[in-house]
Amino acid sequence: MVTMNQRIVFVAMIVIWTSFRVCGQAKTEKPTGATKQQHAQSKTLGSISGRVFLITEAGDLKPARFANVYLMSQTSDKSDNSASMVFLEKETEQLQSGLTTTIPEAKCLEYLLWATNSVQAAATWAQENKEYYQFTGANTDEDGAFRITGIVLSSRTGQSLRALNPGTKIDGFVWNYTVVVRGRAGANEAYWNANARFLQINGKFSWSLSGGDLQPGTDISMKLGSPETACLVMAR
């Protein structure tokens with residue numbers, strides 16, 4: 001049986017989750033004068049859109065309404081670090097530290113809190129190192145749908161295939177991203193995680209999800225219906 005003190009702990013953890021917002025909008029240099037039109041013409045932009053939801057044990061589909069969506073680049077900077085790497089390192093650090101409670105409901109919420117801390121660490125790293133393109137975000141609508149546009153697909157934001165594999169004869173670039181969503185779907189507080197990839201080979205663009213088949217173009221579409229963690233929380 002959950003006591004009044006335990007219920008207070010649960011509600012407090014939910015407040016931390018639902019009040020968390022990261023204002024990490026992607027920033028790019030804004031050329032002026034005669035070079036502005038040239039840059040605009042040569043810049044390739046991608047997008048990632050999708051729908052976030054979960055299926056209850058009763059078989060009902062519950063959209064993640066007005067959830068937070070975070071996009072983190074996996075492209076390493078000059079210090080061999082990235083927003084996605086910072087996110088994963090923070091998750092690993094917390095996993096190794098272990099849970100601070102034995103209450104089942106609180107344990108579930110603490111897993112979600114770990115994801116919040118990891119996202120915050122990635123956002124802070126991107127801000128402090130001025131790697132603005134590495135971290136951006138959006139929100140889902142009332143149907144759990146979202147769209148992130150203006151993803152710059154350039155040599156600066158991606159990785160050269162020849163640099164990754166010096167033996168290859170393929171000329172191109174790859175852009176890997178981690179997509180994290182945190183929000184509420186029905187009576188569940190939940191966390192979703194997915195990987196997305198843009199690929200350019202000999203000037204032609206394609207994309208894939210988590211190692212799936214390649215699709216032509218620069219507009220990624222995904223469905224996130226299986227959360228990493230979902231906690232049934234009746235009170236808010």
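Values in this document were obtained by computation on a predicted structure and should not be read as measured data.
Residues N68 and N139 have side chains that bring a donor and an acceptor to within less than 3.5 angstrom of each other. For the 3.5 Å distance criterion, the side chains of S47 and D219 qualify, holding a donor opposite an acceptor. Between the side chains of Q215 and S206, no donor-acceptor pair is found at a separation under 3.5 Å.
When side chains are defined from C-beta on, L153 counts as touching F205, because their heavy atoms get closer than 4.5 Å. Put simply, the side chain of N195 does not reach to within 4.5 Å of the side chain of N176, judged on heavy atoms. Using a 4.5 Å heavy-atom threshold, the side chains of S73 and Y133 count as touching. Counting only heavy atoms from C-beta outward, the side chains of K90 and W125 never approach each other to under 4.5 Å. The shortest distance between side-chain heavy atoms of W114 and T92 does not fall below 4.5 Å. You'll find the side chain of N193 reaches within 4.5 Å of the side chain of F87, heavy atoms only. For the pair F198/I151, a side-chain contact is recorded, criterion being any heavy-atom separation below 4.5 Å from C-beta on. No side-chain heavy atom of D60 sits under 4.5 Å from any side-chain heavy atom of I55.
Taking OG1 of T149 as the reference point, atom CD1 of I48 lies at 11.0 Å (rounded to 0.5 Å). Atom-to-atom distance recorded for W207:CH2 and R197:CZ is 13.5 Å, nearest 0.5 angstrom.
Clustering ILVMFWY residues whenever any of their side-chain heavy atoms sit less than 4.5 angstrom apart, transitively, puts Y70 in a cluster other than the one holding M222. Linking Ile, Leu, Val, Met, Phe, Trp and Tyr whenever their side-chain heavy atoms come within less than 4.5 Å leaves I148 and M72 in two separate clusters. L214 and L164 fall within the same hydrophobic cluster, defined by Ile, Leu, Val, Met, Phe, Trp and Tyr side-chain heavy atoms under 4.5 Å apart, directly or through other members. A single hydrophobic cluster is not seen to contain both V233 and F53; linkage of ILVMFWY side chains at heavy-atom distances under 4.5 Å, directly or through other members, places them apart. When hydrophobic clusters are built by joining Ile, Leu, Val, Met, Phe, Trp and Tyr residues whose side-chain heavy atoms come closer than 4.5 Å, directly or via intermediates, L209 is not grouped with V180.
Between the side chain of S76 and the backbone N or O of S82, no donor-acceptor pair lies under 3.5 Å. Side chain of S79 to backbone of N81: no donor-acceptor contact under 3.5 angstrom is found. Listed for the T168 side chain is no donor-acceptor partner under 3.5 Å among the backbone atoms of N165. Put simply, the side chain of T178 never gets that close to the backbone of S84: no donor and acceptor are under 3.5 Å apart. Of the possible donor and acceptor atoms, none in the side chain of Q134 sits under 3.5 Å from a partner among the backbone N and O of A126. Checked by atom type and distance alone, the side chain of R65 never pairs as donor or acceptor with a backbone atom of D143 at under 3.5 Å. The backbone N or O of F146 lies less than 3.5 Å from no partner atom in the side chain of T140, so there is not a single donor-acceptor pair.
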Test log, rule side chain to side chain donor-acceptor pair (under 3.5 Å), inputs T124 and E128: CA-CA 6 Å; T124 300; E128 291 179 347; 5.7 Å; no
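Contact between E110 and G98 at its shortest, heavy atoms only, is OE2-O, 4.4 Å.
Here E189 pairs with R184 in a salt bridge; the nearest charged N to carboxylate O distance falls below 4.0 Å.
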